[in-house]
Amino acid sequence: MMPDSSSAPTVTSADAAADGVVRRVHAACPHDCPDTCAMLVQVRDGVAIRVGADPDHRPTAGALCTKVSRYVERTYHPDRLLHPMKRTGAKGEGRFERIAWDEALDTIASRLTAIAALDAERIVPYSYAGTMGLVQGEGMAQRFFNRLGASRLHRNICAEAGTVGYQYTLGPRFGTDIERVQDAKLIVFWGANAIASSLHFWSRAQEARRNGARLIAIDPYRSLTAEKCHDHIALLPGTDSALALGLMHVLIRDGLIDDDYVARHTIGFDDLKTRVADFPPERVASLCGIEAAEVEMLAHEYGTVARRGDGALIRVNYGVQRAAGGGMAVRNVTCLPALVGAFRHAAGGVLLSTSAAGSIDRKAVERPDLLAGRTPRTINMTTIGDDLLRADGPTFAKIDALIVYNSNPVAIAPDSRRVAAGFAREDLFTVVLEHFQTDTADYADILLPATTQLEHFDVVKPYGHYDLMINERAIEPLGEARPNARIFAALAKRMGYDDACFDDDDETIARAGVATGGIDLEAARARGWARLTPLDPGVARFADGGFPTPSGKVEFRSEAAAAAGLDPLPAYIAPHEDTRGALASRYPLAMISPPARNFLNSTFVNVASLRSTEGEPRLDLHPDDAVARGIGDGSPVRVFNDRGSMRLKARVTDRARRGVVVAPSIWWKKLSPDGCNANELTSQAVTDMGRAPTFYDCLVEIEPVR
Ligand SMILES: Nc1nc2c(c(=O)[nH]1)N[C@H]1C(S)=C(S)[C@@H](COP(=O)(O)OP(=O)(O)OC[C@H]3O[C@@H](n4cnc5c(=O)[nH]c(N)nc54)[C@H](O)[C@@H]3O)O[C@H]1N2
Ligand SMILES: Nc1nc2c(c(=O)[nH]1)N[C@H]1C(S)=C(S)[C@@H](COP(=O)(O)OP(=O)(O)OC[C@H]3O[C@@H](n4cnc5c(=O)[nH]c(N)nc54)[C@H](O)[C@@H]3O)O[C@H]1N2
Ligand code: SF4
Ligand SMILES: [Mo]
C-alpha cells in the first residue's frame with residue numbers, strides 16, 4: 001500500500017527532512033523514448049517511495065509505462081554501483097575492488113594526460129541516450145572532451161538514417177503534435193510498435209479508433225501493435241522504400257492526389273511521376289513479399305481519407321531505418337502526405353520526431369569554443385567494433401582510451417563479437433560511468449558510480465511532444481554516486497583545466513541551454529515543463545506549406561541529396577543481406593531484433609520484475625520455417641551466421657511471417673543462455689544515409705540444439 005499523497009505538497013527539491021511528510025517532486029523520464037513523461041516522485045524522509053505520472057501534463061495523460069513505474073525498484077536495486085572501483089580480474093571478467101574517488105580520478109587524469117601528450121584523438125568518448133538530459137547527457141561531458149581535444153563521436157546508432165532522409169524531403173523534424181492524434185481518421189503505424197515504444201501515442205490512437213479511425217500496421221512482424229490494427233501488411237524487412245514508391249504509383253495513377261497542394265507546396269513532381277511509373281503494384285509486391293492488392297488497398301485508403309479532408313496520419317518510426325536503404329525509406333514515406341495534401345489537417349501529416357522544435361543553445365551547453373581551433377576526427381559509434389581493432393596506420397591513430405557513459409556498447413552495438421574483442425584489448429584504457437555492472441562495465445579499468453534521474457537535476461528535451469521537461473533532484477545520491485556532469489567537472493580539475501565553465505553547477509548549464517529559446521527556467525521549474533513551440537496543437541503547421549527545406553517546399557526532387565552523391569529522387573534500395581540474394585542460399589532467414597516491451601534498449605534487463613515479465617530470450621519463427629528444420633515450440637535453438645551465434649528458445653508462431661525470425665531485444669549478454677545476444681549476429685554495414693546501423697538487415701540460419 002502506498003501512503004495517501006493527494007494532499008502532499010509539490011516542492012522543487014526534496015530536502016532530507018525526517019519529518020514523515022510525503023513530498024512530491026517534479027521529475028522527467030530520462031529514457032530514450034519519444035514520450036518523455038512528466039513524473040511526480042513521492043519522497044518521505046529522504047527516501048523515494050513512488051514514481052508516478054504527473055496528472056497535469058497533457059502528453060503524459062496520467063500514466064507512465066510499466067518499466068518506469070518500477071523506477072524506485074531500479075534506483076534502490078541491490079546491484080547499484082555505489083563506489084568507484086578498479087579492475088582486478090581479466091577484462092570482461094567483471095572482478096573489481098573498491099577504491100576512493102581521489103584514486104579513481106587521479107588514475108584517469110594521469111592516463112588521459114599521458115595519452116593526450118601523444119595525441120588526444122586517441123581518446124574517444126562513447127555515449128548515447130541512457131539519459132536524454134541536457135546536463136547529464138552531453139552537457140559537461142562535451143565541455144571536457146572539447147577542452148581535451150578528444151575524438152568526436154558520430155552519435156548515429158538510433159535515428160540518423162531517418163533524420164537525413166526526412167531532411168531531404170521535409171527539412172528538420174517537426175512532427176504532427178501528439179495532442180491531435182485522437183482526431184485522425186487513419187493512422188498508419190509504419191515500422192512502429194507503439195504499444196511497446198510510444199505508449200502515449202498508442203493511447204491516443206485508441207481514442208481515434210473509438211472515434212472511427214482505421215489503424216494499419218506495416219511491419220514484418222505481427223507485433224503487439226500490428227495485432228490490434230484493422231489491417232497489417234507484413235512486408236519483408238528493409239523493403240519499405242519500394243512500398244512507398246508503389247503507393248505513390250497508385251495514388252498518381254488513380255487521381256488520388258491533391259493537385260493544388262502539390263502545385264503550390266512541392267517541387268519535382270514531374271520527375272517523381274516518371275520515377276514511380278516504374279513501381280507498379282505487382283513489382284512492388286514482389287520486392288516486398290506481399291500481395292499487389294495490399295498496395296492498392298493502402299493507397300486507396302490513404303488517398304481517400306486525405307481527400308475527404310480528414311486526418312490521415314503516418315507514424316513512421318525506427319523499424320524502417322535499420323536496413324541498407326533506411327534513409328531512403330524515410331525519404332520516400334515522407335513524400336506521401338504532401339502528395340495527398342495530408343498536411344492540411346492538424347491530425348494528419350507525419351510524425352517521426354519533434355526534435356526540431358524549440359531552440360536549445362547547444363554551444364552554450366557544450367562549448368565547442370574550447371576546441372580552440374582544433375577539429376578532431378570523428379569516430380562512428382556504429383562501427384566501434386572495427387575501429388577498436390584497428391592498428392596505427394598512415395590514416396588512423398589507434399584508440400588508446402574509451403570513456404563510456406549513458407550507453408552499453410558491448411550489448412547494443414552491432415557485430416558484438418568484434419566489439420567485445422576490441423574492449424578486451426589489454427592496451428586499451430577504459431572508463432565506464434554507470435548505474436550497474438553492465439556487459440560493458442565488465443571491461444572497465446575504472447568503473448564510476450553515476451546517479452539516477454531521482455538523484456540529480458536536469459532538463460529533458462523530448463522527441464515525441466513539444467514540452468521541455470524539468471527534472472528536480474528528489475533524493476540525495478545513493479552511496480558515493482555522482483551525477484555525470486559532476487564527474488566530468490571533477491576530471492577537468494584533475495587535468496588542470498581552469499576554465500570557468502567547469503565551475504558551472506547543473507542549473508547554470510541548463511539555464512545557458514534554454515535561455516536563448518526564450519524559456520525561463522525558474523518559471524518552468526514551478527510547473528514542471530515549458531512549451532517549446534509557440535504553435536498551438538490545434539494548428540496544422542504545414543497547411544500552407546512553409547517547409548524548412550532549401551526551397552521552402554516539399555522536395556520530391558532534392559538537390560541536396562544529389563550534392564551528397566545520392567539519387568535526387570525517391571528510389572528503391574535493396575537490403576545488404578537480401579533474402580533474394582546469394583547469401584540467402586546459406587542464410588535464408590531475415591532476423592530482426594526490435595525492442596522488447598519491458599526493457600528500454602538494454603536498460604531494465606536487470607530489474608527482476610521486468611525481466612520475469614519478459615520471460616527469457618526467445619526467437620519467434622513461423623511454423624513452416626520451424627517444421628523445415630525440425631524445431632518444436634519451446635525448444636532450444638542456435639541462430640548463426642558468419643559473424644556469430646546465439647542460443648535461445650524458439651517460439652513457433654505465425655506472428656513471424658515466413659522467412660523472418662524475430663528476437664525481442666536488447667538482452668544483457670551475461671543474462672542470456674550462452675552469454676550472447678542478437679548483436680552477435682548483426683553487422684557493421686551502414687545505411688545509405690547517416691552511416692547508421694543496419695540491425696534489421698541480417699540474414700541467419702537456425703538449427704535445433706540437442
Ligand atoms: N519498451 C520499449 N520502448 C522503447 C525502446 C525499447 O527498447 N523498449 N527503445 C526506444 C528507442 S531507443 C527507440 S529508437 C524507439 C524505437 O521505436 P520503434 O521503431 O517504434 O520501435 P519498435 O518497437 O522496434 O517498432 C519497430 C517495429 O518495426 C518492425 N520492423 C523491423 N524491421 C522493419 C522493416 O524493415 N520495415 C518495417 N516496416 N518494420 C520493421 C519491428 O518488427 C517493430 O515492430 O523506441 C523507444 N522506446
Ligand atoms: N539488435 C539491436 N540492437 C540495437 C537496437 C535494436 O533494436 N536491436 N536498438 C538500437 C538503438 S535504437 C539504440 S538507441 C541503442 C541504445 O543503446 P544505449 O544508448 O547504449 O542504451 P541502453 O542499452 O539503454 O544503455 C544505456 C545505459 O546508460 C546507463 N545510464 C542511464 N542513465 C545514466 C546516467 O545518468 N549516467 C550514466 N553514467 N549512465 C546512465 C544505463 O544504466 C544503461 O546501462 O541500441 C541500439 N542497438
Ligand atoms: S519510458 Fe517512455 S512511456 Fe515510459 S515513462 Fe519514460 S517517457 Fe513515459
Ligand atoms: Mo533508439
Side-chain angles (χ1 to χ4, degrees), residues 30-35 65-67 74 126-133 136-137 155 157-159 189-199 201 217-226 233-240 243 315-323 326 329 333 381-382 404-409 411-414 416 432-436 438-441 448-453 455-456 458 463-464 481 483-485 487 575 590-606 660 662-666 668 677-679 681-682 693 695-698:
H31 292 297
D32 190 349
C33 166
D35 298 6
C65 65
T66 325
K67 309 177 288 293
R74 183 176 187 275
Y126 198 98
S127 67
Y128 201 62
T131 169
M132 297 208 307
Q136 313 305 343
R155 291 186 173 76
I157 198 113
C158 176
F189 293 87
W190 201 321
N193 181 13
I195 291 182
S197 56
S198 46
L199 189 61
F201 183 95
I218 304 172
D219 195 313
Y221 181 56
R222 196 163 77 241
S223 67
L224 295 170
T225 302
I233 298 178
L235 78 187
L236 287 166
T239 62
D240 301 271
L243 178 56
R315 175 58 166 134
V316 61
N317 227 352
Y318 301 90
V320 308
Q321 301 181 27
R322 314 226 180 283
V333 169
M381 72 185 297
T382 298
V404 182
Y405 52 103
N406 302 338
S407 184
N408 183 12
I412 65 89
S416 193
V432 177
L433 288 62
E434 252 300 349
H435 298 152
F436 292 104
T438 59
D439 289 326
T440 306
L448 301 176
T451 46
T452 69
Q453 192 76 339
E455 301 153 69
H456 56 229
D458 215 331
Y463 62 95
N484 289 345
I487 296 174
M591 184 187 81
I592 57 175
S593 47
R597 185 181 190 179
N598 296 286
F599 304 150
L600 207 134
N601 301 322
S602 78
T603 303
F604 294 107
V605 178
N606 63 327
V660 176
V662 184
S665 291
I666 309 169
W668 280 22
N677 70 10
N679 282 323
L681 295 124
T682 56
F695 292 113
Y696 307 162
D697 187 335
C698 175

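Atoms within each ligand, like the ligands themselves, are counted from 1 in listed order. Starting from 1, each residue takes its place in the sequence as its number. Just so you know, these numbers use all the heavy atoms, side chains as well, and skip hydrogens, waters and symmetry mates.
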Any side-chain heavy atom of Tyr221 within less than 4.5 Å of one from Ile592? yes
Output the list of atoms in ligand 1 that are nearer than 4.0 Å to some heavy atom of [X], sorted by atom number.
X: Gly238; answer: 34 (C), 35 (O)
X: Asp240; answer: 34 (C), 35 (O), 36 (N), 37 (C), 38 (N)
X: Arg597; answer: 1 (N)
X: Ile218; answer: 37 (C), 38 (N), 39 (N)
X: Ala196; answer: 1 (N), 2 (C), 3 (N)
X: Ser223; answer: 44 (O)
X: Tyr221; answer: 42 (O)

Where do [X] and [Y] come nearest, in terms of heavy atoms and distance?
X: Met381; Y: Tyr126; result: O-OH, 2.9 Å
X: Thr451; Y: His435; result: O-NE2, 2.8 Å
X: Phe695; Y: Ile157; result: CE1-O, 3.8 Å
X: Ala411; Y: Asp439; result: CB-OD2, 3.6 Å
X: Pro220; Y: Val660; result: CB-CG1, 4.4 Å

Check ligand 2 against the protein and report each N/O to N/O distance under 3.5 Å, formatted as atom name, atom name, distance.
| from | atom 1 | to | atom 2 | distance (Å) |
| --- | --- | --- | --- | --- |
| ligand 2 | 1 (N) | Ser593 | OG | 2.9 |
| ligand 2 | 1 (N) | Asn679 | OD1 | 2.8 |
| ligand 2 | 3 (N) | Asn679 | OD1 | 3.4 |
| ligand 2 | 3 (N) | Asn679 | ND2 | 3.2 |
| ligand 2 | 7 (O) | Ser593 | O | 3.2 |
| ligand 2 | 7 (O) | Tyr696 | OH | 2.8 |
| ligand 2 | 8 (N) | Ser593 | O | 2.9 |
| ligand 2 | 8 (N) | Ser593 | OG | 3.4 |
| ligand 2 | 20 (O) | Ser407 | OG | 2.8 |
| ligand 2 | 20 (O) | Asn408 | N | 2.8 |
| ligand 2 | 23 (O) | Ser602 | N | 2.9 |
| ligand 2 | 23 (O) | Ser602 | OG | 2.5 |
| ligand 2 | 24 (O) | Leu600 | O | 3.3 |
| ligand 2 | 24 (O) | Thr603 | OG1 | 2.6 |
| ligand 2 | 28 (O) | Ser407 | N | 3.4 |
| ligand 2 | 36 (N) | Asn406 | OD1 | 3.1 |
| ligand 2 | 36 (N) | Asn484 | OD1 | 3.0 |
| ligand 2 | 36 (N) | Asn484 | ND2 | 3.0 |
| ligand 2 | 38 (N) | Leu433 | O | 3.0 |
| ligand 2 | 38 (N) | Asn484 | OD1 | 2.9 |
| ligand 2 | 39 (N) | Asn406 | OD1 | 3.4 |
| ligand 2 | 42 (O) | Arg74 | NH2 | 2.9 |
| ligand 2 | 42 (O) | Glu434 | OE1 | 2.8 |
| ligand 2 | 44 (O) | Glu434 | OE2 | 2.5 |
| ligand 2 | 47 (N) | Ile412 | O | 2.9 |

Aromatic Phe201 / basic Arg315 pairing, under 6.0 angstrom, 45° off normal: yes
Below 3.5 angstrom, do we get any N/O pair linking [X] and ligand 1?
X: Pro34; answer: no
X: Asn598; answer: no
X: Thr239; answer: no

Taking side-chain hydrogen bond (donor to acceptor under 3.5 Å, both in side chains) as the test, write out the residues that go with [X], two or more places apart.
X: Arg597; result: none
X: Asn601; result: none
X: Ser407; result: none

Does ligand 1 have an atom under 4.0 Å from some heavy atom of Ala323? no
So, Asn408 side chain and Ser602 main chain: donor-acceptor pair closer than 3.5 Å or not? no
